[in-house]
Amino acid sequence: MDKIYLKDYEKPPFVVQTIDLEFELHNTKTLVTSKMQVKRAGKENSPFFLNGEELELISVYLDARELHESEYELNELGLTLHKLPEIFTLEIKNSINPEANTALDGLYKSSGIFCSQNEPEGFRRITYFTDRPDIMAVYTTKIIADKKDYPILLSNGNLFEEGDLGDGKHYAIWKDPFPKPSYLYALVAGDLGCVSDSFTTMNNNEIELNIYCDKGNEAQCSHAMTSLKNSMKWDEERFGREYDLEVYNIVAVDSFNMGAMENKGLNVFNSHYVLADADTATDTNFMGIESVIGHEYFHNWTGNRITCRDWFQLTLKEGLTVFRDQEFSSDLNTRSVQRIADVKALQERQFVEDASPTSHPIKPDAYIQINNFYTATIYEKGAEIIRMIHTIIGEGGFRAGMDLYFKTFDGQAVCTEDFIWSMQEASGFNFDHFKLWYSQSGTPEVDVKTVFDKKSKTLSLTLRQTFFSPTIHEQKPYFFPFKIGLLNNSGHECGLELEDTVGQTLIDKGILLISKEEETFVFKNIKDAPILSLNRNFTAPIKVHTAYSLEEYAFLMAHDQDEFNRFEASQIMASMVLHKLIDAVEANDAMNLSPTYKAAFEKVLLDMDMDMSLKADSLTLPSVSLLMQERAVLDVEAVYVARNFLKRELIRELGADIQTQYASLDRECEYTLESKEMARRKLKNTLLSYMGALKDDTPVLQQYQNSNNMTDRLAALSILANSRGEAKTQALEDFYKRYKDNTLVMNKYLAVIASSELKETPSNVKALLEDEVFDMKVPNLVRSLIGSFARNALHFHAVDGSGYSFIADKVLELDKLNPQIASGLVGVFKDYARLNKEAQGLMKKELEKIVNTKELSKNVYEIVSKILA
Ligand SMILES: [Zn+2]
């Protein structure tokens, strides 16, 4: 299959200045008329190609003259016109079938609602158009539909006109004054409930805010509305950005491939990121809503007003906007808690991706299917790279760079280099070397060595980078900020004084700028050998290796002033202990609880002054997925055995303290989203997860039955789903009965069952495929049931290969319905190279079965062929 390369980019030969669209909505035959004003921008004889897929062409008019079939070329990829004047009007009529669109790409009909999703290349499934982001046109939309079934008609921009047409039909005309790429185009029609509010901007413009949802769910939109108003205020205060239309509409739909979409003035959201109340949503869901509402809103400036020249620039808008939403959440909540959550997500998902055959730079140089590049690398690593720029030039420099970026590029489709230029120009800092982060891949690793010389009172710190990529051969050392601290033996910070060496600098409070493969920094006036706190606050997205012992990490866990590093020390300690245990399981040796780890764990447990969220994070063991990353050859079962052993030992040794503290935190009170309350629930449920390792699951069942909110109820249910007793059956049956009609909550139920370690999990999952709550056409349900099972390493990697075969079959089944969801799922096979021989053989059989299937989508083909290569 054909690859598209960044180096082949050429400017479009024709640009569309305005486009007037008219839709006559119909389930199976929606008529689309598009009238474009086009201007030639390239050579005189260039052909004009318009993408178009799954469309029925009805007619083409050039400057009001209908073209004969012989005057254009038409194939399954689009329409080509030749010999065109310099300026002309093109009017195209075609029809589409929204009901048959199970790919949910372009215009589709689902649960009675017409809805569109056009990023990155859905617009070509609506009408013939040069569907690339550097064509920015002004859109006007007229929607005609049955008034009874579709009283709400929405598109981008401001409402210009609406009225009745007779025959029970009505229409609405929307005009968006801002030129935009086709991927930001949106249309929604349906019989929807609505919650309205308003926001007054910094220049006193009154903006109408609407959130549309299924009727009956209006009461669950209040958190989303509050989050929207907070986002609008925050972007004004932190970045000076004001909203620019009269109205901001959000529509929540159940069937959606992504989390949400930032279409200009008309965001479409997966209902998962809009609807919430205490009874149905967890604290994590509430936080997710705040962050995604913010993210899509912030795109209005970083993505919409300034967009991407081509899809290789995707991180230009996504990395930057994730950074912005992370900062928004940090400013509104607790910064260190947010940082820990963001880094954990990066380590769990992006580090795995970056070590796999699908590893790619945040700015890839080639793709077969761009849909496959909406990855943790482009988004989360992209955000870390923006964060490093922020760290290097500081908040003031960064804000000046952003101001310059908006001033210079507003209304344009640009490249990552234009963003870097703004940062460089505004701050005076040279980012030439730093730019390698955009073109290299893999997670850099840094080995740390220290030599303390008592006589000269100096400490030499030597850092050695390795920068291996699974997919790129020649790589160079990176440039990055590296924040450190030196702790003396009573745990106090030593001052940092660098000996004068050419080219070495210590910027702002302990941040070193690293640029060489190997580099030694010498600190002076150090009295005693210090312990180092390294990569504080995770200033660089790298892995750091030291020769520190468990005792030294226990010291850091107790004394480090950097909250992130206190957490990180707890995780490194637990990992060191767990890897020893895994080795023991693999060698058939006895397992023992490390007394040093036990003491450190106990110290945190009994620390009543510590922030409860940080405490919960520090007492949480590294996930199976994180542990598996560090194993050369995967022995999945050993990882589970070791992890469960450690949990059991900790509750056996410290059970009394864990239970007493749990009891003191388990108080009845009103559910609120205050940081303190969320932290209390998090700590309580962390302790409960240890209690779940006890034989008696009565306290877990009690929490399930008595809790007044989903956070506590779901935490208990997840624990019970791994137990064998009567309590499990009771709770699962109750949960199902109670929430059967709420598809968002049923997602949680499916995920809990599919994630269970119990041996009956595979058969439970198969039974649920046939359950009335499940529907293969709804991406959320697929991700919850099949996706969770695929990430359940114990069952996915079952030694008989049954997990591989089950998922491969589901990938093929899904590929026919929705290739994007299928390729998302097939990524779980990326551990292929690290399996033992037998497992590799079993997996290979399934991967070959997939790749040899006729009419396989480009999406799935691209991922599987990379894994097999
Ligand atoms: Zn985004």
Side-chain angles (χ1 to χ4, degrees), residues 104-105 116-123 133 156 178 180-186 224 227-228 231-232 234-235 238-239 241 243 248-253 256-274 287-330 338 342 345-346 349-350 353 360 362-364 370-387 402 405-406 413-416 419 779 820 824:
L104 312 181
D105 196 17
S116 66
Q117 168 56 32
N118 292 322
E119 184 178 1
E121 296 175 337
F123 196 69
N156 313 92
F178 295 95
K180 64 168 174 285
S182 51
Y183 81 86
L184 289 173
Y185 182 77
S227 303
L228 176 59
S231 310
M232 297 176 91
W234 182 86
D235 213 14
R238 180 97 185 253
F239 285 102
R241 297 296 109 196
Y243 187 62
Y248 194 88
N249 288 321
I250 290 176
V251 181
V253 294
F256 201 64
N257 281 346
M258 309 203 197
M261 179 63 212
E262 71 263 23
N263 314 301
K264 182 80 186 188
L266 175 55
N267 288 185
V268 177
F269 268 63
N270 188 323
S271 51
H272 178 77
Y273 288 112
V274 175
M287 296 302 281
I289 289 169
E290 180 177 272
S291 138
V292 177
I293 292 267
H295 180 96
E296 307 309 331
Y297 176 74
F298 304 142
H299 266 315
N300 189 52
W301 279 94
T302 50
N304 301 5
R305 291 281 289 250
I306 304 179
T307 195
C308 302
R309 188 195 72 174
D310 53 70
W311 290 119
F312 296 102
Q313 320 295 331
L314 185 55
T315 201
L316 172 78
K317 75 178 179 80
E318 293 306 342
L320 179 55
T321 306
V322 171
F323 170 77
R324 274 153 54 72
D325 82 52
Q326 290 176 347
E327 283 299 293
F328 167 61
S329 297
S330 301
Q338 182 67 33
D342 290 337
L346 182 86
R349 304 199 306 127
Q350 200 280 325
E353 180 170 82
H360 54 274
I362 64 161
K363 182 168 179 168
I370 185 59
N371 263 317
N372 285 335
F373 285 83
Y374 285 74
T375 59
T377 298
I378 306 275
Y379 280 67
E380 274 79 32
K381 186 175 179 180
E384 289 301 321
I385 286 159
I386 301 294
R387 185 170 297 282
M402 289 295 285
Y405 178 64
F406 293 128
V414 305
C415 298
T416 58
F419 177 79
Q820 202 181 326

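Note that these values count all heavy atoms, side chains included, but never hydrogens, waters or copies made by symmetry. For ligands, and for the atoms within them, numbers begin at 1 and follow the listed sequence.
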For this session: Using the salt bridge (charged side-chain N to carboxylate O under 4.0 Å, His left out) rule, take Lys381 and Glu353 through it: C-alpha gap first, then chi angles, then the decisive distance, then the call.
Result: CA-CA 11 Å; Lys381 186 175 179 180; Glu353 180 170 82; over 6 Å; no
Seminar exercise, completed: When Glu384, Arg387, Gln338 are each screened for side chain to side chain donor-acceptor pair (under 3.5 Å) with Gln326, the one that passes is Arg387
Exercise. Picking from Gln820, Glu318, Glu119, what satisfies side chain to side chain donor-acceptor pair (under 3.5 Å) with Tyr374?
Worked result: Glu119
Problem set entry | Partner set under side-chain hydrogen bond (donor to acceptor under 3.5 Å, both in side chains) for Asn300, not counting sequence neighbours | Asp244, Lys264
Exercise. Looking at the rings of Trp311 and Tyr183, which for Trp means the six-membered one, are their centres under 6.0 Å apart?
Worked result: yes
For this session: Report the residue from Phe269, Phe328, Tyr248, Phe239 that forms a ring-ring contact (aromatic ring centres under 6.0 Å, His included) with Tyr297.
Result: Tyr248
Exercise. So which protein N/O/S atoms does the Zn ion (ligand 1) have within less than 2.8 Å?
Worked result: His295 NE2, His299 NE2, Glu318 OE1, Glu318 OE2
